[in-house]
A.B. asks: 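Just dropping this structure here.
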Amino acid sequence: MAENQKQNYLTHPKGIMSWLLTLDHKRIGLMYLFGGIIFFFLGGVLALGMRLELAAPGNDFMSNETYNNVYTLHGAIMIFLFIIPAIPGALGNMLLPLMLGAKDVAFPRLNLASFYIYTLGALFVVYTIIAGGVDTGWTFYTPYSTTSTSNVIPMTMGIFIIGFSSILTGLNFIATIHKMRIPGLTWYKLPLFVWALYGTSLVQITATPVIAITMVLLILERLLGIGIFDPALGGDPVLYQHFFWFYSHPAVYIMILPAFGIISEIIPVHSRKKIWGYKFIAFSTLSIAFIGFLVWGHHMFTSGQSVFSQIVFSFITYFVGIPTGVKIFSWILTMYKGQVSFTPPMLYALSFLFLFTIGGLTGIFLGAVALDIHLHDTYFVVAHFHYVMQGGTIIAFLGGLHHWWPKTMGAMYNQTVASICCLGVFLGFNGTFFPQFLLGLRGMPRRYATYDPQYAELHNYSSFWSGILGLSIFIAIMNLLWSLRKSNKLDPGTNPWGAMTLEWTHTSSPPHPHNFEEEPVLEHGPYDYDKVIVEPTFKK
Amino acid sequence: MSHDNSSPDFLQHHFHDVDQQYETAKLGMWAFILTEVLTFGGLFVAYVVYRSWYPEMFVGANLLLDVNKGLLNTIVLITSSLTMVLAVWAIQQKKQKLSLFMLIATFLFAFMFLGIKYLEYSHKFEVGQLPGEYYSYMGPEIAHLNNPHIFFSIYFIMTGLHGLHVAIGMGLIAWLIYATAKGNLHSKYYTPMEMIGIFWHLVDLIWIYLFPLFYLI
Amino acid sequence: MSEHHITPLKTYLVIAGALFCLTAITVWVSYFDFGSLNIIIAMGVATFKATLVALFFMHLLWDDKKNLTMFIMSLMFLGIFITITLLDTGFRGGVNPEVEYPINKRAAFYDSLPLTDTHGNPVDEHGTDSHEGDEDHH
Ligand code: HEM
Ligand SMILES: [Cu+2]
């Protein structure tokens, strides 16, 4: 590595405008991270508010109306403003060109535009909150959403706009992955995170246009009474659900596929072993992305859709389990006989394996029509999707942050604190959401501010642990931020985990403004721990 | 990080060469076309579903549309597609003037399309063949059929979205006219013209479906 | 960029000619009633026209096949969307026939709409015969 490492993207160029108008994918990634964390915090506060209300039966803390607003905003903010943009927008932007050896993404200006479109959409959401909220649930089902007097239009406008940001990011990444690789970096030599982003991007560009048009139709339904989704006007509210879930089921793969990618990076590096079943993982990503388009009706088993389609949807839903299972087994086999070190990123990856497996398996339960008729709209579903989205995606995101933090920020956080926080997240998470499976099985419906006293004990338990969960995540993020203090800079040559993808081996930490001093030459594959030895280096 | 002197000024710094830049732009454009197809696709789904539920009403409401205007618009749009493709062809052949002429023709045809559409719409407004609750037309041809307002909702949304694309296309073509006239686009670098061309053909391609779906069957 | 494929002028003119002819054909055919074949013919011709536009005007014939794949993918996903949605909307009421088409009722606002002539002006009830009760058959 070259000696003159004075320049890095964080400090060069300087000035607030050089950030706001930057075309550098790394800075745009950081801005996404910043935006995402703000909304993660906001969504988290709303969640804790709900848990506070639910700690005991009765409306002790908020009214039913407020509660309806709070869960709607919590869901919509977490999904549309945090989880969907967070991993592709922040980590994806930051790492994709580095992993490809490229100087930037294919369309840097579009990249900046997509960040500002996200900001604009976020402003609409903020406006919705200020104007008094919206109470339809994040799914905006008709006919309630066409009659509700809350702020449905600004909220759906916000989602419509954010959709474009998502589309543009996906489009940009697809062009980048196809065209910006350095010579010799063939498809099977790509890090699996890149495959994951590729699958995600494909889903983003194919599914997101449909949510855009759905939101337009919903807005028109409210403004003009077009009648397409309104039974009073000869329309069909179930058609709205088809439209919504045609996007939103694939969207759960927009959320989870990049998380799979992060786990596929963390596990081999921290086990110092070549990934097991590279091609299995790569192609299972694509097949999950594809099968994800065929199963949306499993959210609609009680909607009155035809029995025929229920059977078809239920049947196909099981197929999602196959590629997902393939991945889980590949990761476990990667660790087998490896030198596993229990670093904070690895602890997050292990938590992911445990929690996501529970989430995925309960998803399979819900995919069975007969069972879902009973479990639909109960806390069982709430627990299921939190196990996959928080236990899966958010934990992987935190793991990824800890893994690439020294790379992107040039600083190392306190690893002991980080590990303790990870443990806190793991325990807090299970303590919060496992009781919700039991609540659901006992018939506790979702989206209610009050409940029968018989559910009090489990709810109380869940609320208690949710505090631990929130606190642990908060401290984990503070721990990361605290590492940024001036006295804590790492040597630019640091590669603390001994990783061997291009972003670790060929550029400094934090990276050069143009990514690489000169175009990297590929010397080995991303996981060749059996052939090459890359020593972990860690210097202050 | 600087390029050698031979690299042309339209080459952006993160590409190796002009070909890579061109191919990348084109792939991005096609990804964008995919999103467009699926945006309209949602509306096609609504069309198919409601047609399957109200077959007679669709056939009946169909007859309320003006086939002649629809046909005229089809011809106008196909012609504009031809002039667009000829504009690209001309600039490839270094025929700057011809290219400019073709772009202007395309712009004018687009304008004509919207003009004809305006006449159609204003007639519909007059007789009350409007979307949703605003529908009030109960003429003898249609009064016995069920819920024609849904047909007109779908008609207005699909042709309206299409018309919006025509308008956006006109804006883009106007910019192309400006750039070509200034000499920013030439036989070595005409990527924007080709990309906007692809967009314009998509607008044509969607109309190729809208025309029979609403006016003919 | 000079090495890019340049299509001869004649190709474009021939394709445009074909598009005009096909438009004429589909309009002409629409004046005959072939029953359920109407839709198939119209869509067949439209698809043929669309293929010509995509292959020649949009250059997919000569382009990198990735672009063609992208385009075909969009149609494939649209096909999935339509087909699977129809599995629901076309088969409702398989178990309880009485709930089959509960929503396809006439919207309530029609009851207050006066009958009109072909210019949209209200007319007298006696003048025209009304078929209020008729509904679509499925
Ligand atoms: C193994 C794969 C999975 C299967 C078989 C599965 C199955 C299901 C089913 C059948 C439901 C509907 C339950 C109901 O409403 O009655 C559901 C709900 C849900 N799933 Fe999954 N799921 C899987 C993975 C995921 C993943 C990876 C995510 C997100 C990262 C996710 C997010 C959700 C969400 C958000 C809901 C609830 C939406 C709502 O009604 O608000 N699922 N899942
Ligand atoms: Cu789902």
Side-chain angles (χ1 to χ4, degrees), chain A residues 142-143 171 174-175 177-179 201-203 205-210 213-214 225-247 249-250 286 289-298 300-301 303-313 315-316, chain C residues 1 3-4 50 54 58-60 62-113 120 130-138:
Chain A
T142 53
L171 184 158
I174 287 181
I177 295 170
H178 272 288
K179 298 292 183 189
S201 305
L202 283 178
V203 182
I205 62 168
T206 31
T208 319
V210 175
I213 199 71
T214 311
I226 54 173
I228 290 178
F229 297 140
D230 188 348
L233 292 170
D236 182 17
V238 178
L239 190 64
Y240 172 84
Q241 299 189 19
H242 282 294
F243 272 65
F244 183 83
W245 290 112
F246 181 84
Y247 165 74
H249 183 80
L286 297 187
F290 177 70
I291 301 173
F293 278 93
L294 308 176
V295 301
W296 74 82
H298 64 212
M300 300 163 54
F301 285 149
S303 68
Q305 65 175 336
S306 79
V307 174
F308 181 41
S309 57
Q310 289 193 340
I311 294 169
V312 172
F313 279 128
F315 183 71
I316 306 178
Chain C
M1 305 231 294
E3 331 83 54
H4 291 149
M58 295 164 107
H59 290 141
L60 279 180
W62 304 285
D63 259 7
D64 190 340
K65 289 294 167 272
K66 280 195 234 1
N67 300 344
L68 180 62
T69 317
M70 211 47 108
F71 188 54
I72 291 178
M73 242 175 71
S74 72
L75 301 177
M76 187 182 79
F77 282 105
L78 178 56
I80 290 175
F81 191 6
I82 294 182
T83 322
I84 302 191
T85 306
L86 284 177
L87 290 188
D88 167 26
T89 61
F91 293 87
R92 296 229 178 119
V95 171
N96 298 320
E98 67 271 20
V99 300
E100 188 172 359
Y101 293 106
I103 52 153
N104 292 14
K105 289 267 157 50
R106 202 181 182 106
F109 74 87
Y110 282 95
D111 297 341
S112 57
L113 282 186
S130 70
H131 302 262
E132 282 286 332
D134 284 16
E135 280 179 18
D136 273 353
H137 306 285
H138 304 282

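In what follows, every chain begins at residue 1, and chains take the letters A, B, ... in the order their sequences are listed.
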A.B. asks: Considering only heavy atoms from C-beta outward, does the side chain of C:Met73 approach that of A:Leu202 to under 4.5 Å?
C.D. replies: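 In short, these two side chains touch, coming nearer than 4.5 Å.
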A.B. asks: Contact between A:Phe313 and C:Leu87 at the side-chain level, heavy atoms closer than 4.5 Å - yes or no?
C.D. replies: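 Counting from C-beta outward, A:Phe313 and C:Leu87 never come under 4.5 Å.
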A.B. asks: With a 4.5 angstrom heavy-atom cut-off, could you sort out which part of A:Phe293 is near chain C: side chain, backbone, both or neither?
C.D. replies: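 Contact with chain C involves both backbone and side-chain atoms of A:Phe293.
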A.B. asks: Restricting to side-chain contact (heavy atoms from CB on, under 4.5 Å), what partner residues turn up for A:Gln241, sequence neighbours left out?
C.D. replies: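 Per chain and number, A:Gln241 pairs via side-chain contact (heavy atoms from CB on, under 4.5 Å) with A:Tyr141, A:Trp245, A:Met300, A:Ser303.
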A.B. asks: C:Ala107 and A:Gly234: which non-hydrogen atoms are nearest, and at how many Å?
C.D. replies: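 C:Ala107 and A:Gly234 have their closest heavy atoms at CB-N, 4.3 Å.
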A.B. asks: Quick one: are C:Thr89 and A:Gln305 in side-chain contact, heavy atoms under 4.5 Å?
C.D. replies: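 No. Closest side-chain heavy atoms not under 4.5 Å.
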A.B. asks: Is there a side-chain contact between A:Ile174 and C:Met70 (heavy atoms, below 4.5 Å)?
C.D. replies: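 Touching, per the 4.5 Å side-chain cut-off.
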A.B. asks: Anything under 3.5 Å between a donor and an acceptor, one on a side chain of residues 75-85 of chain C, the other on a protein residue two or more places apart or in another chain? List them.
C.D. replies:
{"unit_1": "C:Thr83", "atom_1": "OG1", "unit_2": "C:Gly79", "atom_2": "O", "d": "2.4"}
{"unit_1": "C:Thr85", "atom_1": "OG1", "unit_2": "C:Phe81", "atom_2": "O", "d": "2.6"}

